[in-house]
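Take a look at the structure set out below.
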Amino acid sequence: MDKNLIIYNTLTRKKEVFEPLNPPFVGIYVCGPTVYSDVHLGNCRTFISFDLIYRYLLHLGYKVRYVRNITDAGHLEGDRDEGEDKFAKKAKLEQLEPMEIVQKYTLSFHEIMSIFNTLPPSIEPTAIGHISEQIEMIKEIIKNGYAYEKDGAVYFDVEKYSKAHPYGQLTNRKLEDLLEGTRDLSGQDEKKGRLDFALWIKSKPETLMKWPSPWGWGFPGWHIECSAMSTKYLGEQFDIHGGGMDLQATHHTNEIAQSQACSNTAPVKYWMHTNMLTVNGTRMSKSAGNGFLPGELFTGNHPLLERGYSPMVIRFFMAQSHYRSTLDFSNEALQGAEKGFYKLMKAGETLNKLTSAHESTVNIKELEENCYKAMNDDFNSPILVSHLFEAVRIINLVNDSKEMINLEDLERLKKLFKVFVFDILGLKDDLAKESSDLTGNLIDLILNLRLDAKKNKDFATSDKIRNHLTDMGVVIKDTKDGFEWEITN
RNA sequence: GGUCAGUUGGCCGAGUGGCUAGGCAGCGGUCUGCAAAACCGUUUACGGCGGUUCGAAUCCGCCACCGACCUCCA
């Protein structure tokens with residue numbers, strides 16, 4: 001098997017051969033959700049993308065430690081160390097304790113992730129659970145001279161840091177450009193430099209979520225949690241750090257600076273960023289009113305949705321685009337994906353019924369190589385999907401006796417289908433075919449009566465039965481000397 | 001204004017300096033009592049204008065449009 005995995009590294013803006021720091025171990029950290037409201041569908045895309053990456057790394061035989069955090073404290077509105085705490089605001093709004101907010105949305109996040117059939121991460125640390133680690137890291141950064149305390153708050157000194165290390169490398173920006181863009185500091189601001197960001201924020205008397213620190217009561221800044229937790233579980237240097245593209249400029253840039261300032265090493269070898277989700281061409285966002293929640297997408301209960309789409313259809317839809325491209329949601333696109341997905345699932349069923357011949361007229365080995373080639377090229381799932389439809393074509397042709405397959409190839413094809421469709425793409429067949437024995441027996445009985453009618457050329461009766469059953473969601477397919485049926489919806 | 005992406009056929013979406021991804025939809029056909037499913041065939045697209053090249057949708061430049069982040073505003 002070709003293990004020549006290539007990953008696009010945001011840091012270098014190039015595709016690079018993936019070489020883990022300590023093979024066969026791979027450490028991967030993905031910025032998780034801030035659990036102050038229902039998980040955004042864009043977040044889901046990021047986590048589904050990294051689920052695919054995680055699954056493929058596992059399939060290649062790596063011993064992967066996948067860390068995805070839960071942000072449950074310290075995330076202020078506007079990401080600029082000012083404004084209200086997201087949890088406190090929501091708590092006030094819903095008349096709950098901040099920790100009730102955290103619990104509520106953590107649970108719903110896990111539920112949605114499980115519905116999308118994502119594997120749970122190896123470790124899912126929370127910011128609140130790692131306050132002391134964050135404090136220790138801040139102390140170290142102060143000791144190294146890259147942070148300063150001011151009236152119970154601690155800020156990172158970006159300008160000083162940038163003299164020793166490149167600061168904006170993740171977005172290819174120079175410090176001067178960044179400085180140019182910021183406005184003058186207002187008089188009461190405690191920051192020395194315009195670009196400085198908070199590592200520790202002093203609490204106000206009314207702040208509910210606060211902890212003691214060497215600088216008094218307060219809470220950690222948003223960026224420090226990821227640096228502290230990734231260091232704790234993956235070490236000062238680890239292989240892959242991922243997240244949405246919107247985190248690249250600020251959050252990840254500051255993460256690099258913090259870790260570098262603390263332990264004097266670049267924390268991450270490969271930075272990976274997933275692209276945004278759009279709806280009818282524009283970015284999905286709450287303010288634009290074009291965002292829907294995962295639940296609304298499943299049920300179709302949203303003005304922009306003609307109807308609901310199953311979680312696996314959505315997962316398949318996402319797999320049909322590359323993680324670094326924007327993906328556009330529209331009813332037309334989703335319905336197209338739905339057709340394709342069930343075609344793929346049906347082929348999987350057909351595959352299990354195929355019989356082998358003495359020789360093969362199809363090339364399964366080549367197909368398999370193509371599948372690996374696609375995934376090895378920066379996890380190119382759309383190309384993989386296109387090859388899987390080649391598999392679908394082969395399956396159907398063999399089923400129609402238009403091609404032949406020998407036992408060895410058939411086993412290879414079955415394995416390929418299972419590995420790529422279910423293990424790697426993380427899909428599962430969700431066709432509603434659970435029916436009681438009674439229902440099944442009744443349908444068989446009715447269809448046998450219809451078969452009799454057909455034999456007597458009583459097509460009026462046979463069509464009447466078929467039409468009625470079709471209306472009830474039972475799809476009938478006549479075969480040479482009998483029938484097949486399945487229940488849809 | 002700055003930085004970075006992108007603009008592909010009816011829709012969604014890959015990709016590559018020459019060998020026409022794939023899915024959905026459409027059309028024609030095979031099969032079928034008729035259907036459905038499946039299969040076969042079919043519609044040859046790469047924002048505009050220049051340039052490099054034997055050859056560019058693919059490389060370069062300019063322009064237009066769209067998006068993200070920063071800024072602004074909240």
Side-chain angles (χ1 to χ4, degrees), chain A residues 8 10 13 42 77-80 82-84 168-183 194-195 244-253 273-278 280-285 287-288 313 316-322 324-344 346-347 349-350 370 374 377-378 380-403 453-460 462-463 466-467 469-470 474-480 483-486 488:
Chain A
Y8 180 86
T10 313
R13 273 165 291 279
E77 292 199 307
D79 302 344
R80 238 177 309 238
E82 50 198 75
E84 216 170 343
Q169 54 180 337
L170 211 46
T171 45
N172 199 24
R173 269 182 286 197
K174 296 189 195 78
L175 193 74
E176 304 86 71
D177 297 334
L178 287 165
L179 281 168
E180 221 167 89
T182 48
R183 74 189 143 149
R194 294 167 168 183
L195 293 170
M245 238 173 214
D246 48 347
L247 300 179
Q248 198 176 318
T250 308
H251 185 55
H252 291 162
T253 293
H273 290 96
T274 57
N275 214 136
M276 303 289 103
L277 218 54
T278 58
N280 300 323
T282 53
R283 187 193 175 183
M284 186 183 281
S285 71
S287 56
V313 166
F316 174 75
F317 176 63
M318 289 180 175
Q320 273 189 302
S321 81
H322 188 83
R324 280 190 287 116
S325 302
T326 54
L327 174 63
D328 192 60
F329 266 69
S330 67
N331 285 286
E332 211 175 350
L334 282 164
Q335 281 160 29
E338 187 175 72
K339 285 268 181 100
F341 173 65
Y342 288 118
K343 184 174 171 180
L344 186 65
K346 230 168 274 177
E349 283 175 36
T350 308
N370 286 338
D377 184 12
D378 196 26
N380 199 326
S381 57
I383 294 291
L384 170 63
V385 169
S386 81
H387 292 310
L388 290 174
F389 276 105
E390 173 63 17
V392 169
R393 215 175 63 84
I394 290 172
I395 291 165
N396 287 328
L397 283 170
V398 171
N399 192 43
D400 284 1
S401 307
K402 285 171 181 160
E403 297 278 6
K454 272 178 66 180
K455 278 176 188 152
N456 297 329
K457 305 253 189 248
D458 180 5
F459 297 122
S462 74
D463 286 357
R466 185 174 63 197
N467 290 341
L469 285 173
T470 303
V474 183
V475 175
I476 292 136
K477 290 174 221 168
D478 290 346
T479 57
K480 272 262 183 311
F483 52 82
E484 285 174 12
W485 58 268
E486 65 184 18
T488 58

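The structure presented is a predicted model; accordingly, all values stated were derived computationally and were not measured. The chains referred to below are lettered A, B, ... by the order of the sequence lines, with proteins before strands, and numbering in each begins at 1.
- Here, B:U32 and B:G15 have their P atoms 43 Å apart, quoted to the whole Å.
- Shown here are the side-chain contact (heavy atoms from CB on, under 4.5 Å) partners of A:Leu469, two or more places apart in sequence or in another chain: A:Ile446, A:Leu447, A:Ile465, A:Met472, A:Val474, A:Ile476.
- Straight-line distance between the C1' atoms of B:A14 and B:G6: roughly 14 Å, to the nearest whole Å.
- A search for ring pair (Phe, Tyr, Trp, His ring centres under 6.0 Å) contacts involving A:Tyr8 returns nothing, not counting sequence neighbours.
- Evaluation of the side-chain contact (heavy atoms from CB on, under 4.5 Å) rule for A:Asp458 yields A:Ala453, A:Ala460, A:Thr461 as partners, not counting sequence neighbours.
- Between A:Lys346 and A:Glu349 there is no salt bridge, since none of the side-chain N atoms of the basic residue sits less than 4.0 Å from a carboxylate O of the acidic one.
- Between A:His387 atom NE2 and B:A21 atom P there is a gap of 12 Å when expressed in whole angstrom units.
- A:His322 pairs by the ring pair (Phe, Tyr, Trp, His ring centres under 6.0 Å) definition with nothing, not counting sequence neighbours.
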Distances under 3.5 Å between protein N/O atoms and the N/O atoms of nucleotides 32-35 of chain B, please, pair by pair.
residue, atom, partner, partner atom, Å
B:G33, O6, A:Ser462, OG, 3.4
B:G33, N1, A:Asp463, OD1, 2.9
B:G33, N2, A:Asp463, OD2, 2.8
B:C34, O2, A:Arg466, NH2, 2.7
B:C34, N3, A:Arg466, NH1, 2.9
B:C34, N3, A:Arg466, NH2, 3.1
B:C34, N4, A:Arg466, NH1, 3.3
B:C34, N4, A:Asp478, OD2, 3.1
B:A35, N1, A:Asp478, N, 3.3
B:A35, N3, A:Arg466, NH1, 2.9

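- Separation of the P atoms belonging to B:G2 and B:U43 is 46 Å when rounded to the nearest angstrom.
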Secondary-structure notation, RNA chain B, from Watson-Crick and G-U pairs under 3.5 angstrom (| other strand): ((((.((..(((.....[...))).(((((.......)))))....(((((..]....))))))).))))....
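- The line from CD1 of A:Ile394 to CG of A:Asn399 is 13.5 Å long, rounded to the nearest 0.5 Å.
- A:His252 is linked by a ring pair (Phe, Tyr, Trp, His ring centres under 6.0 Å) to A:His241, A:Trp271, A:His273, counting only residues two or more places apart in sequence or in another chain.
- Residues passing the side-chain contact (heavy atoms from CB on, under 4.5 Å) test with A:Gln320, sequence neighbours excluded: A:Phe316, A:Ala337, A:Val385.
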Between protein and nucleotides 38-47 of chain B, map the contacts as a letter string: B base, S sugar-phosphate only, - none, heavy atoms under 4.0 Å, written 5' to 3'. SSS-------
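- Every residue two or more places apart in sequence or in another chain that forms a salt bridge (Lys or Arg N to Asp or Glu O under 4.0 Å) with A:Asp463 is listed here: A:Arg466.
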Determine, for nucleotides 6-20 of chain B in 5'-to-3' order, which nucleotides have protein heavy atoms under 4.0 Å from the base (write B), from only the sugar-phosphate (write S), or from neither (write -). -----SSSSS-----
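- When the P atom is used for both B:C62 and B:G1, the distance is 16 Å, rounded to whole Å.
- Remark on RNA chain B: of its neighbouring residues A:Asp246 and A:Lys339, the 5'-side contact belongs to A:Lys339, judged by nearest-heavy-atom nucleotide.
- The side-chain contact (heavy atoms from CB on, under 4.5 Å) test applied to A:Glu332 returns A:Ser330, not counting sequence neighbours.
- Of the C1' atoms belonging to B:A56 and B:G51, the separation is 12 Å, rounded to the nearest Å.
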